[in-house]
Amino acid sequence: MKKRVADIFKEHLGENPPINKPKQKEFGHYAVPIFKYAKENRQNPVEFAKNLCEKLKCEEFESVEPLSGFVNIKLSDKFLDEFANRVITQKENFAKDEKNESILLEYVSANPTGPLHIGHARGAIFGDSLARIGRHIGYKITTEYYVNDAGRQIILLGVSVYLAAREILGLDVEWPDEYYRGEYIKDLAREAIEEFGEDYFKKPLEIVKKDDKKEAVFDKEDLSLWAKDKMLEEIKSDLNDLNVVPFDNWVSERSLYKYWDEVKSILEKNGALYEKDGKIWLKSSEFKDEKDRVVVRENSMPTYLAGDIVYHWDKFKRGLDRYINIWGADHHGYIARVKAAIKFLGFDPDKLEILLSQMVKLLKGGEPYKMSKRAGNFILVRDVVKDVGADALRFVFLTKKADTHLEFDVDDLNKKDSSNPSYYVNYAHARICSIFDNADKKYDDMLGVELKNLSEDEKDLLFFALQLPYVLEDAFNNREPHRLTNYLIDLAGEFHKFYNKNKVIGSEKEDIRLKILAVVGIILNLGLSLLGIKAKERM
RNA sequence: GCGUCCGUAGCUCAACUGGAUAGAGCAACGGACUUCGGAUCCGUAGGUUGUAGGUUCGAGUCCUACCGGACGCACCA
């Protein structure tokens with residue numbers, strides 16, 4: 001719709017001008033600032049706008065008016081009707097498009113050492129909605145979860161379960177300084193006793209001092225890996241509870257280390273590595289990183305960064321057009337070194353886009369919750385979902401930008417009233433469904449109705465509902481799904497206002513108004529589904 | 001100390017990427033129920049967009065310096 005308007009302007013200006021939304025409704029549907037063109041033509045903006053308006057008259061526009069440097073446009077009923085029919089015919093396929101770009105979207109990738117907490121949920125919901133929106137408008141998106149199933153944390157998981165099991169069995173336990181706490185470890189330990197048998201846990205763990213820290217000596221990799229798999233199952237179940245579309249790929253860190261030598265030789269060939277103090281370093285400081293980074297330790301073990309380099313090598317080898325990673329904001333310092341590595345591998349680091357999802361500060365009854373994975377004092381996704389439901393949680397997260405700090409009280413989410421914005425939008429949808437029930441009509445019945453002589457209210461509501469395609473492009477291109485959410489809240493508001501002012505059933509314009517409501521209902525339903533929320537037909 | 005992000009109504013957040021008079025919700029106050037579902041609507045009040053400069057037709061948005069906050073600054077993942 002916007003494109004058609006832009007094309008009409010192009011005929012007279014030579015290029016597509018910015019098509020803006022006027023600040024005030026009375027000004028019309030679209031506003032085009034022409035300051036730039038007036039300047040190019042060395043004319044007074046007011047004069048220029050006036051002259052341009054004369055040339056722009058056509059059947060798509062009901063009126064074209066100049067106002068202080070802007071050209072304001074009102075669309076014709078006929079033009080709007082054409083798009084209304086399109087919505088009612090296509091329904092959930094409306095605004096679908098084709099694009100040639102292929103994108104790999106990696107998100108969540110939480111360590112498989114514990115269940116998902118509320119911070120992970122934000123990234124999960126952010127990524128999931130982005131994927132849904134992007135796919136709808138035609139991007140070829142593959143979703144991926146990188147499983148950190150190697151390294152010290154997995155050993156630590158094994159140690160924690162082992163010692164917890166000994167505690168359950170009444171054996172003496174000496175805890176190291178670092179281990180995972182929390183109820184889920186005890187649950188795992190109980191299951192592990194069933195799985196491995198009591199004898200498995202007989203031997204006490206030797207504790208050694210290392211850098212002034214107590215560490216456990218542990219060689220039972222089978223227990224660690226078993227616990228990791230259990231945690232992955234829980235994570236999958238948590239994601240499912242959040243209504244996250246299942247990931248296309250699960251990539252194991254452990255499985256990639258076998259390519260390290262190959263990747264290392266590429267880096268060496270490109271002059272990215274050097275040896276110092278018995279370690280191998282990456283010259284990441286040549287590309288905006290603060291300093292060079294160790295990739296192989298003195299004991300010849302590759303670091304985590306090495307694993308991540310292999311992972312990104314593996315990604316880029318797949319030859320997609322674009323790679324998007326969603327990371328927790330606390331990892332922002334990591335961006336430079338990964339991009340440097342990509343450059344050293346001979347790939348284009350600009351194809352990698354890293355989006356940050358900020359911390360969530362959760363309150364309950366006004367008291368702050370401290371979230372820490374190690375301490376076992378974190379809020380579990382499943383608890384919140386159980387408490388307020390996935391829809392409300394998704395809605396709250398998706399109303400805000402992902403990269404700003406967010407603070408909210410769980411108790412507020414629990415309120416089943418208008419302070420919960422998901423109720424506001426759902427209520428609008430349910431109302432429309434209810435009106436159609438009362439009128440004994442279906443959306444499809446409205447296709448035969450021709451929209452004409454529309455009042456300002458009718459026109460405004462319809463026009464607003466027809467903005468969805470543009471909102472989707474905007475939300476995806478900016479990687480800001482909250483734009484869709486806020487649009488839906490506004491659309492619901494426009495509908496509620498309209499409803500209170502205008503009788504539908506029994507009015508002279510019943511059919512025309514039903515047709516407009518059909519469009520609104522379809523758009524609300526589609527918009528919510530792209531946020532991963534099921535629109536309610538009854539509340 | 002260095003780096004990244006952020007600072008908008010009492011609170012939680014928007015603002016279509018530089019556009020017209022900075023908007024919603026919550027909280028406060030006042031209205032609309034013989035209702036197509038009042039889980040709604042209408043109204044009142046609330047702001048020097050952290051501070052000070054700069055760039056231009058035009059700045060919450062861009063540049064600089066301060067002030068304040070979050071997070072990083074591992075050979076942990």
Side-chain angles (χ1 to χ4, degrees), chain A residues 18-24 27 31 33 35-36 38-39 45 67-70 72 111 113 148 150-154 156 178 253 277-281 288-291 293-299 301-308 328-336 356 358-359 361 373 396 399-401 403-409 412 415-421 423-424 426-428 430-439 467 470-471 473-475 477-478 480 482-483 485-487 489-490 492-493 495-507 510 513-514 517 538-539:
Chain A
I19 309 284
N20 294 338
K21 184 179 156 191
K23 269 282 161 10
Q24 283 180 49
F27 292 164
F35 299 102
K36 187 185 156 197
K39 201 175 180 182
L67 185 64
S68 60
F70 288 81
N72 293 321
N111 289 340
T113 52
N148 298 125
R152 216 168 71 91
Q153 54 175 351
I154 292 296
L156 226 51
E178 275 188 278
E253 178 189 357
D277 305 331
K279 303 152 203 169
I280 300 179
W281 300 69
K288 290 181 184 167
D289 199 7
E290 295 164 13
K291 51 187 167 189
R293 309 288 171 176
V294 174
V295 286
V296 181
R297 305 181 184 104
E298 268 178 288
N299 63 8
M301 289 287 289
T303 61
Y304 176 78
L305 177 60
D308 229 7
D330 52 340
H331 288 72
H332 68 257
Y334 208 77
I335 297 173
L356 299 177
Q358 266 294 353
M359 297 281 145
K361 201 166 161 193
K373 192 149 199 183
V396 172
T399 327
K400 333 282 183 194
K401 265 194 294 244
D403 67 349
T404 54
H405 301 97
L406 167 65
E407 184 177 316
F408 71 91
D409 199 309
D412 287 346
K415 289 180 192 155
K416 303 268 192 261
D417 62 23
S418 58
S419 67
N420 194 332
Y423 280 84
Y424 188 73
N426 266 311
Y427 184 48
R431 252 183 171 171
I432 291 171
C433 291
S434 167
I435 291 167
F436 271 84
D437 279 351
N438 288 333
Q467 298 308 300
Y470 167 66
V471 174
E473 293 286 342
D474 184 51
N477 292 339
N478 290 290
E480 290 185 351
H482 79 277
R483 292 180 188 224
T485 322
N486 286 324
Y487 164 75
I489 292 172
D490 289 344
F495 161 72
H496 284 309
K497 274 174 214 166
F498 181 86
Y499 170 91
N500 271 275
K501 253 171 89 179
N502 303 285
K503 191 102 180 145
V504 178
I505 295 177
S507 82
E510 175 171 326
R513 289 179 178 164
L514 280 174
L517 293 200
R538 267 176 195 68
M539 312 269 308

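By convention in this document, chain letters (A, B, ...) are assigned in the order of the sequence lines, proteins followed by strands, and residues within each chain are numbered from 1. These values consider heavy atoms only, across backbone and side chains, with no hydrogens, waters or symmetry-generated copies.
Heavy atoms of A/A150 sit under 4.0 angstrom from primed sugar atoms or phosphate atoms, though from no base atom. If you check every strand for non-hydrogen atoms under 4.0 Å, A/K503 touches a base.
Side-chain N/O atoms of A/K401 include none lying less than 4.0 angstrom from OP1 or OP2 on B/C5.
If you take atom P in B/C66 and the same atom in B/U48, they sit 25 Å apart, rounded to whole Å. Separating the C1' atom of B/C71 from that of B/C29 is a span of 41 Å, rounded to the nearest Å. If you take atom P in B/C11 and the same atom in B/A27, they sit 16 Å apart, rounded to whole Å.
We find that CG of A/N477 is positioned 15 Å from P of B/C16, with the value rounded to whole Å. Rounded to whole Å, atom C1' of B/C16 lies 13 Å from atom OH of A/Y487.
A distance cut-off of 5.5 Å between ring centres, combined with a plane angle under 30°, leaves A/Y499 outside any stacking arrangement with the base of B/U40.
Consecutive Watson-Crick or G-U pairing (both distances under 3.5 Å) extending over three or more pairs maps onto RNA chain B as B:1-7 with B:67-73, B:10-13 with B:23-26, B:28-32 with B:40-44, B:50-54 with B:62-66.
Of the candidate nucleotides B/C36, B/C16, B/G37, B/C16 has the atom nearest to the side chain of A/R483. Closest to the side chain of A/H332, out of B/A14, B/G37, B/G3, is B/G3. Each of B/A14, B/C73, B/A39 was ranked by its minimum atom distance to the side chain of A/E290; first place goes to B/C73.
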